[in-house]
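Keep in mind the model is a prediction, meaning the values are calculated, not measured.
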Amino acid sequence: MNDIEIINNLEIFLSKSSGKNISLAKTTKIGNPLQFTGCMLDEQERIITLCILNYGLNLENIDINCLCYFLKQLTNLKALRLANFKIKNLESISEISKLEILALDENEISDFSILSKIYQLKELSLSNNLITDLKPVLLFKKLENIWLNSNQIKILSEDILEINLNIIWKNNILKDGIFLEGNPIENVPIEIIEQGKEAIKQFFNEEKTILNNEKIEKIQIKNFKVIDEIELKLSKKITIILGNNGFGKTSILQALAFAILQDNAQDIKPLNFEPFISIGQKTSEFKVFWNKDLFRNCNLYSTSKNTQTGSCGSNLILLTYGVNIFTRYNEMNYTEMINKIIAGNEKLHNTASLFLEKDDRFYDPLYMFNLFELIEFQDEKNREQIRQIKIILLEKLNFLLPKEIQIKKEKTLYHFFQNNNKLTLQHLSEGYRSAVLLLTDILIRIMSMRNRLQKYDSEINELTIFDRAFGILAIDEFDRHLHPTWQLEYLSKLRKVLPKMQFVMTTHNPLSILDREEDEVLQFFMDEDTKKLGIKTYNGGTKQMDVVMVLLKYFEVNYVVSQSYRKKIDRFYFLSSKKQKNDTQINELKLLQEELKNSMLNELEIPDYKYHKFIEFIHENNINLRNLENTNKLDFKSELWKSLTEKIK
């Protein structure tokens with residue numbers, strides 16, 4: 001390095017500041033390096049800032065060690081920028097001891113720990129390098145800002161939180177700290193990093209409490225929308241919530257999401273919390289228990305959510321869905337979603353749909369599978385993995401769909417096939433379309449989380465993710481618009497695909513609660529005395545019931561026949577109970593008996609809500625009618641019998 005070609009076509013700009021700031025760009029030809037550093041020998045001590053940007057300057061072969069030797073002659077150099085020099089070794093730069101600002105963007109640096117020798121360093125920029133480890137930041141004593149954007153950092157170490165620097169994702173001139181945008185960080189969700197250091201601390205604290213497949217035992221809710229105060233005990237497998245419109249079924253699912261989500265989670269960040277707090281109250285309260293030692297206690301204020309105590313929930317899946325599900329078809333960014341599925345590092349919580357009146361951000365599976373085919377063809381390196389993910393998603397989705405509607409590939413494209421008719425998503429009925437979008441989203445979200453879940457279960461991979469995924473799946477009116485034949489098998493199929501998930505659902509459909517255990521169906525009711533919501537369960541559940549008994553018991557309908565037919569039944573009961581009948585009444589009774597006998601009910605006992613409540617009352621109060629000599633021994637004027645009268649009015 002002894003000729004003028006080392007530093008070529010450089011223009012020197014001297015500022016008018018008290019010191020000298022030199023920027024070297026591509027116009028003026030300087031002499032040899034000795035001329036460069038001594039070009040204004042009498043002003044060397046006044047040079048404070050030096051910037052050399054190697055863009056179009058052909059400086060790729062410059063000897064950085066030699067250059068730094070001369071730079072050390074600038075005894076008051078405080079700021080240095082060397083960009084695009086393919087710098088790998090930083091030893092010589094670390095000897096420029098008085099630097100306070102150093103920018104080495106767009107080089108080939110992988111380890112910057114040696115720069116901690118520059119004791120006065122306050123600002124360090126190392127964007128667009130090959131750095132994979134954040135821990136060297138701990139070595140710097142006076143650092144105020146460090147830019148590490150667009151490197152190869154995958155792990156955000158908890159140790160970094162010990163230093164007095166903010167963690168910042170996007171560049172912000174108003175903030176100081178560690179800037180990380182553009183790194184492929186895997187162990188902390190980007191949405192958590194965007195919230196800053198405190199959110200990251202909370203995330204790490206919760207990560208220490210691994211739930212190990214624990215299921216939520218109960219949730220306590222206070223002052224949330226129409227709910228004054230209530231406690232729900234949840235089944236470890238499936239909890240289905242029933243109740244009249246306006247009783248707060250959707251509110252339960254929303255409260256569950258609020259209780260588990262991070263305080264500044266992206267899904268709830270845009271929300272105005274005021275409408276969720278009961279009128280006249282200042283805060284809503286939630287407490288979720290996995291067991292007596294594992295819980296979260298949260299408060300919701302008009303402008304913020306605050307987790308008071310508890311340390312669990314962040315390491316389980318939380319998927320919640322509202323009622324109105326739509327898609328924008330080909331306007332969705334399918335490439336981005338497929339890349340997330342392939343990477344498998346997406347956040348574990350996805351709840352936004354539950355808080356929206358309409359959510360049109362769902363993916364058409366046909367577009368998805370057709371694009372999978374293209375990406376599989378183009379990406380030779382990951383072709384086998386992409387093909388395997390596509391096949392698994394397709395198999396699971398077809399299993400969940402009714403047999404008469406399946407997704408198949410014909411020639412080069414995927415289509416829905418119904419009774420041998422080739423269809424698109426637009427051709428499907430609203431009920432089928434909504435269910436297809438929902439089921440597709442559940443599958444692709446869980447597949448896209450698999451690598452993040454591996455830290456809790458090392459056996460999770462593309463093949464095992466659905467069998468081993470653990471967390472909560474909550475769906476509002478999960479069976480809406482579905483044909484009865486699909487309603488009967490819908491939930492059972494979901495359970496087979498996701499056996500370790502805990503399901504919390506709402507419904508208005510009696511078919512969907514058939515074959516359920518006692519603790520799996522919760523019925524909301526309004527207490528007539530307190531005017532507050534209560535919860536009922538029934539001994540034995542619905543395993544021994546038909547749909548008629550479910551309607552009478554769980555939905556409390558008064559009858560399951562048409563009004564005109566009901567009038568005939570009531571008249572039949574009335575005439576049958578009369579001890580003295582005239583000829584007209586006798587003939588009328590015979591006609592009614594014949595008509596009812598020939599009905600679809602035939603000789604089966606007519607389902608009757610009042611009769612059902614009477615039998616229920618007898619059992620609840622241990623009244624054995626067979627041991628009574630006659631009904632005269634029953635005191636029908638007692639308070640006990642008055643309560644029955646009120647029930648069956």
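For the pair Leu522 and Ile252, the minimum side-chain heavy-atom distance is 4.5 Å or more. The closest side-chain heavy-atom distance from Leu393 to Phe372 is below 4.5 Å. Residues Asn398 and Leu401 are in side-chain contact: their nearest non-hydrogen atoms beyond the backbone lie under 4.5 Å apart. With contacts defined as side-chain heavy-atom distances shorter than 4.5 Å, the pair Trp290/Leu316 qualifies. The shortest side-chain heavy-atom distance between Phe524 and Ile535 falls under the 4.5 Å cut-off.
Cation-pi geometry between Lys218 and Phe289 is satisfied (NZ or CZ under 6.0 Å from the ring centre, within 45° of the ring normal).
With Met501 as reference, Ile317 is the one residue of Ile472, Ile238, Ile442, Ile317 to meet the side chain to side chain contact (heavy atoms under 4.5 Å, CB included) rule. For the side chain to side chain contact (heavy atoms under 4.5 Å, CB included) with Leu318, the qualifying choice from Leu261, Asp267, Asn350 is Leu261, the only one to do so. If you run ring pair (Phe, Tyr, Trp, His ring centres under 6.0 Å) between Phe273 and each of Phe258, Phe355, Tyr301, only Phe258 comes through.
Applying the side chain to side chain donor-acceptor pair (under 3.5 Å) criterion to Glu194, with sequence neighbours excluded, gives no partner residue. Applying the side chain to side chain donor-acceptor pair (under 3.5 Å) rule to Arg445 yields the partners Asp441; only residues at least two apart in sequence or on another chain are considered. Applying the side chain to side chain contact (heavy atoms under 4.5 Å, CB included) test to Thr485 and every residue at least two apart in sequence or in another chain returns His483. Residues meeting the side chain to side chain contact (heavy atoms under 4.5 Å, CB included) test with Asn272, sequence neighbours left out: Glu274, Pro275. Residues forming a side chain to side chain donor-acceptor pair (under 3.5 Å) with Glu404 (at least two apart in sequence, or on another chain): Tyr432. Scanning for side chain to side chain contact (heavy atoms under 4.5 Å, CB included) contacts around Asp546 gives Val548, Met549, with sequence neighbours left out. In this view, Lys567 satisfies the side chain to side chain contact (heavy atoms under 4.5 Å, CB included) rule with no residue, not counting sequence neighbours.
A pairwise comparison of heavy atoms in Arg452 and Glu346 identifies NE-O, 3.0 Å as the closest pair.
Counting only distance, with no hydrogens or angles, the side chain of Gln262 and the backbone of Ile192 share no donor-acceptor pair below 3.5 Å. Remark: side-chain polar atoms of Gln523 are paired, donor with acceptor, to backbone N or O of Tyr554 under 3.5 angstrom. Between the side chain of Asn461 and the main chain of Leu463, a donor-acceptor pair closer than 3.5 Å is present. Judged by distance alone, the side chain of Arg450 and the main-chain N or O of Ala469 form no donor-acceptor pair under 3.5 Å. A distance-only check finds no donor-acceptor pair linking the side chain of Ser353 to the backbone of Tyr321 [under 3.5 Å]. Distance alone, capped at 3.5 Å, places no donor-acceptor pair between the Ser278 side chain and the Val226 backbone. Listed for the Ser562 side chain is a donor-acceptor partner under 3.5 Å among the backbone atoms of Tyr565. The main-chain N or O of Asp360 is never found under 3.5 Å from a side-chain atom of Thr327 such that the two would form a donor-acceptor pair. In terms of modelled atom types and a separation under 3.5 Å, the side chain of Asn370 and the main chain of Leu413 share no donor-acceptor contact. Side-chain atoms of Arg468 never come within 3.5 Å of backbone atoms of Ile460 as a donor-acceptor pair (strictly under, hydrogens ignored).
Applying the salt bridge (charged side-chain N to carboxylate O under 4.0 Å, His left out) test to pairs two or more places apart or on separate chains, those with a residue in residues 421-440 are Glu410-Lys422. Applying the ring pair (Phe, Tyr, Trp, His ring centres under 6.0 Å) test to pairs two or more places apart or on separate chains, those with a residue in residues 399-429 are Phe369-Tyr414. For the side-chain hydrogen bond (donor to acceptor under 3.5 Å, both in side chains) condition, the pairs that include at least one residue of residues 386-396, sequence neighbours left out, are Glu373-Lys390, Glu376-Lys390, Glu384-Arg387.
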Show me the donor-acceptor pairs, under 3.5 Å and distance only, between side chains in residues 509-516 and residues at least two apart or in other chains.
{"from": "Asn509", "atom 1": "OD1", "to": "Leu511", "atom 2": "N", "distance (Å)": "2.9"}
{"from": "Asn509", "atom 1": "ND2", "to": "Gln487", "atom 2": "OE1", "distance (Å)": "2.6"}
{"from": "Ser512", "atom 1": "OG", "to": "Asp479", "atom 2": "OD2", "distance (Å)": "2.3"}
{"from": "Asp515", "atom 1": "OD1", "to": "Lys543", "atom 2": "NZ", "distance (Å)": "3.1"}
{"from": "Arg516", "atom 1": "NE", "to": "Glu520", "atom 2": "OE1", "distance (Å)": "2.9"}

Acceptor/donor pairs from residues 239-250 side chains to any protein atom, 3.5 angstrom cut, sequence neighbours excluded:
{"from": "Thr239", "atom 1": "OG1", "to": "Ser235", "atom 2": "N", "distance (Å)": "2.9"}
{"from": "Asn245", "atom 1": "OD1", "to": "His508", "atom 2": "NE2", "distance (Å)": "3.0"}
{"from": "Lys249", "atom 1": "NZ", "to": "Gly243", "atom 2": "O", "distance (Å)": "2.9"}
{"from": "Lys249", "atom 1": "NZ", "to": "Asn244", "atom 2": "O", "distance (Å)": "3.3"}
{"from": "Thr250", "atom 1": "OG1", "to": "Asp476", "atom 2": "OD1", "distance (Å)": "3.3"}
{"from": "Thr250", "atom 1": "OG1", "to": "Asp476", "atom 2": "OD2", "distance (Å)": "2.6"}

Item to complete: Would you please test Lys225 and Ile227 for side-chain contact (heavy atoms from CB on, under 4.5 Å) and show each step?
Response: CA-CA 6 Å; Lys225 298 173 74 173; Ile227 300 171; 5.9 Å; no

Practice prompt. Evaluate the side-chain contact (heavy atoms from CB on, under 4.5 Å) criterion for residues Leu494 and Phe478: first the C-alpha distance (whole Å), next the side-chain angles of each, then the deciding distance (0.1 Å), finally the verdict.
Written response: CA-CA 11 Å; Leu494 267 176; Phe478 71 97; 5.8 Å; no

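Aromatic ring centroids of Tyr329 and Tyr367 lie 6.0 Å or more apart.
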